[in-house]
Number of protein chains: 2
Amino acid sequence: MDLRADGQALADRAAMDHPLRVVAQPLRRQVEDGLRAAIAGGRFAPGEHLSDRLLCDLFGASRTVVREAVRLLEAEGLVCVLPHRGAFVAFLSVEEAAQIYELRAALEALAGEGFATRASEAERAMLRDIFKKLSALPQDTGREALLAIKRRFYDVLLAGCGNPFVARMLAPLLSRILRLRATSLSAPGRLRHTVAEVGRVMAAIERRDGPAAASACREHVARAAKAALAVLAAQQTPRRR
Amino acid sequence: MDLRADGQALADRAAMDHPLRVVAQPLRRQVEDGLRAAIAGGRFAPGEHLSDRLLCDLFGASRTVVREAVRLLEAEGLVCVLPHRGAFVAFLSVEEAAQIYELRAALEALAGEGFATRASEAERAMLRDIFKKLSALPQDTGREALLAIKRRFYDVLLAGCGNPFVARMLAPLLSRILRLRATSLSAPGRLRHTVAEVGRVMAAIERRDGPAAASACREHVARAAKAALAVLAAQQTPRRR
DNA sequence: CCTGTCATATTGTATGTCAATCAGGCAAAG
DNA sequence: CTTTGCCTGATTGACATACAATATGACAGG
């Protein structure tokens, strides 16, 4: 029996076994994903109190299920549970955001290096294709469309890097800075730089140059971080003092 | 109010507020840690079925608590939950172990770099002190004592690296390869190399040389991985085929 | 104004229940 | 004798409820 601790692989296998019942995601997963999306998407404000009852009503689930989902999000750092007071949407300080970006840079560098040295030709072709679409985007592309393309790029990169754990570690980090990414990506003129930076990643990958790909990924994240942190600092400074 | 999503900081603050009630860890945490330790320590064999009832009896807790703990461990990859069949202790394949070591190398490199460039003099002194103890260890030191010293070294390194997220990402990885580390660390002659490799990390840190520290950390993990993977391959090959 | 006490609300934990599903055994058909 | 189908027992998924522990806020008293 396949007992790898790989959730996605198990889900895939389950889908293979029961190809008809597509909707059959466990309720707990639905609540978890829904809540994660709601928080990452900003439908709850940072610091907002997420009471048990509120979430039960919202998702139509029992306390048991809601609480399990909240625990998961707590482990991811999206919410913060205080004993006997409940869950609160976590704040994101400038320091924390900087630390997350630092980590993201290291992880994506690893992914880039792995992809450059281990990806198959088919995977490289997919990445090439997505990069071509990214390059062809008009300057005034909306943030949604831009984020979607970038997500596809990273999905392929992570899938082909030969180390699924990288994606598993990165996911919770990205969910915490999702809003930040959305706002910073839409900064005027950022797209041009993005394309150039990702282009260097792509070029290193075409050369099978692992270290160069790692370095290019790190560089890209570092620049994105600079833009994002500027936005975050501008948001927080006038409010707090 | 302090609502950082930093579990340890919150725990610290709680400990400050209630300095007397040291034992007052939530029941859920006790079960979670106990189960994690039991699995990481090998008291359950890989593939073993961890039934709800069994765990309830073992920890004297209710299903609610046990299930929440199991979910957490599932997210960490220590156990693997199959719908309507329950939790099983996850296997660790050679590939997975290699991937975990790769990730660990990247994370510890980041920690080393951060420590070299950002740690305070007091933190450097603590690290220096621990390294001195490590160097003075006799060749035939038991694996327990060796692991303990190394753990202290990394605790200080991670605490002083200026990025608490690194420690949070590393912890679940380490718990999955704990047994592997224990066996590979006790390989004959490994201590000598360990001291030399960690010495290079220490030297780079004393020079405030971030990149060198990163590289030394990466190198150390890579060598440890080589030893550990050899052990794992030797364990699995004769059993499986 | 400060302090101590109490009532209320919320969470932490435990328990019982029902439905869904899986594993294994048993019997009948080929 | 093998295979197929069904049935039963066991286990988990989800829910509702109940009780204990604790934090919050109000209120009375100094």
Side-chain angles (χ1 to χ4, degrees), chain A residues 1-3 7 10-11 13-35 44 47-75 79-89, chain B residues 1-3 7 10-11 13-35 44 47-75 79-89:
Chain A
M1 192 191 310
D2 186 0
L3 281 181
L10 283 170
R13 202 174 66 97
M16 297 265 288
D17 289 352
H18 308 285
L20 296 182
R21 190 135 25 108
V22 189
V23 204
Q25 277 283 52
L27 179 59
R28 181 188 51 266
R29 188 62 59 97
Q30 291 181 37
V31 174
E32 180 195 329
D33 291 343
L35 189 52
F44 295 113
E48 189 168 342
H49 186 194
L50 301 177
S51 145
D52 270 15
R53 311 296 170 90
L54 172 74
L55 297 180
C56 289
D57 293 346
L58 238 164
F59 291 99
S62 72
R63 273 183 77 198
T64 313
V65 174
V66 167
R67 288 171 48 89
E68 285 184 9
V70 168
R71 295 282 169 226
L72 268 296
L73 298 197
E74 181 191 18
V79 306
C80 164
V81 177
L82 278 70
H84 292 104
R85 297 203 37 215
F88 298 81
V89 180
Chain B
M1 190 192 308
D2 185 1
L3 281 180
L10 281 169
R13 203 175 65 97
M16 298 264 288
D17 290 351
H18 306 286
L20 295 182
R21 190 133 26 107
V22 189
V23 203
Q25 278 282 51
L27 179 60
R28 176 180 8 83
R29 189 62 57 98
Q30 292 182 38
V31 174
E32 181 194 328
D33 291 343
L35 190 51
F44 295 113
E48 190 168 342
H49 186 184
L50 301 177
S51 149
D52 269 15
R53 311 298 167 92
L54 172 75
L55 297 179
C56 289
D57 293 346
L58 238 164
F59 291 100
S62 73
R63 276 183 73 199
T64 314
V65 175
V66 167
R67 288 168 49 90
E68 286 186 9
V70 169
R71 295 281 168 228
L72 268 298
L73 297 197
E74 180 191 18
V79 305
C80 165
V81 177
L82 278 70
H84 291 103
R85 296 204 38 214
F88 298 81
V89 180

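Note on naming: letters A, B, ... go to the chains in the order of the sequence lines (proteins, then strands), and numbering restarts at 1 for each one.
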(Q) Whether B:Arg71 contacts D:dG13 is assessed here as follows: a side-chain N or O lying under 4.0 Å from the phosphate OP1 or OP2. Is that the case? (A) yes
Q. Please give, in whole Å, the distance from C:dT10 C1' to A:Arg85 CZ?
A. 11 Å
Q: Check step by step if side chain to side chain contact (heavy atoms under 4.5 Å, CB included) holds for B:Val79 and B:Leu50.
A: CA-CA 9 Å; B:Val79 305; B:Leu50 301 177; 4.0 Å; yes
Q) Taking DNA chain D as the partner, which of residues 52-68 of chain B come within under 4.0 angstrom of it by heavy atom? A) B:Asp52, B:Arg53, B:Arg63, B:Arg67
Q | Partners passing side-chain hydrogen bond (donor to acceptor under 3.5 Å, both in side chains) against A:Asp57 (at least two apart in sequence or in another chain) | A | none
(Q) Measure CD/A:Gln30 against C1'/D:dC15 and give the value in whole Å, please. (A) 16 Å
(Q) Measure NE2/A:His84 against P/C:dT11 and give the value in whole Å, please. (A) 10 Å
Q | For atom CD of B:Glu74 and atom P of D:dT12, their distance in whole Å | A | 14 Å
Q.
From CG of A:Leu27 over to P of C:dA19, roughly how many Å is that when rounded to an integer?
A. 17 Å
(Q) The side chain of A:Ser51 is closest to which nucleotide in this list: D:dG13, D:dA14, C:dT11? (A) C:dT11
**Q.** Nearest listed nucleotide, side chain of A:Arg28, among C:dT21, C:dG12, D:dA14
**A.** D:dA14
Q.
Against A:Glu32, only a single residue in A:Leu72, A:Val70, A:Leu27 fulfils side chain to side chain contact (heavy atoms under 4.5 Å, CB included); can you say which?
A. A:Leu72
Q. Does A:Leu73 reach the side chain of A:Leu35, with side-chain heavy atoms less than 4.5 Å apart?
A. yes
**Q.** ring-ring contact (aromatic ring centres under 6.0 Å, His included) against B:His84, all qualifying residues, sequence neighbours excluded
**A.** none
Q. Hey, are B:Arg71 and B:Glu68 close enough for a salt bridge, meaning a charged N less than 4.0 Å from a carboxylate O?
A. no
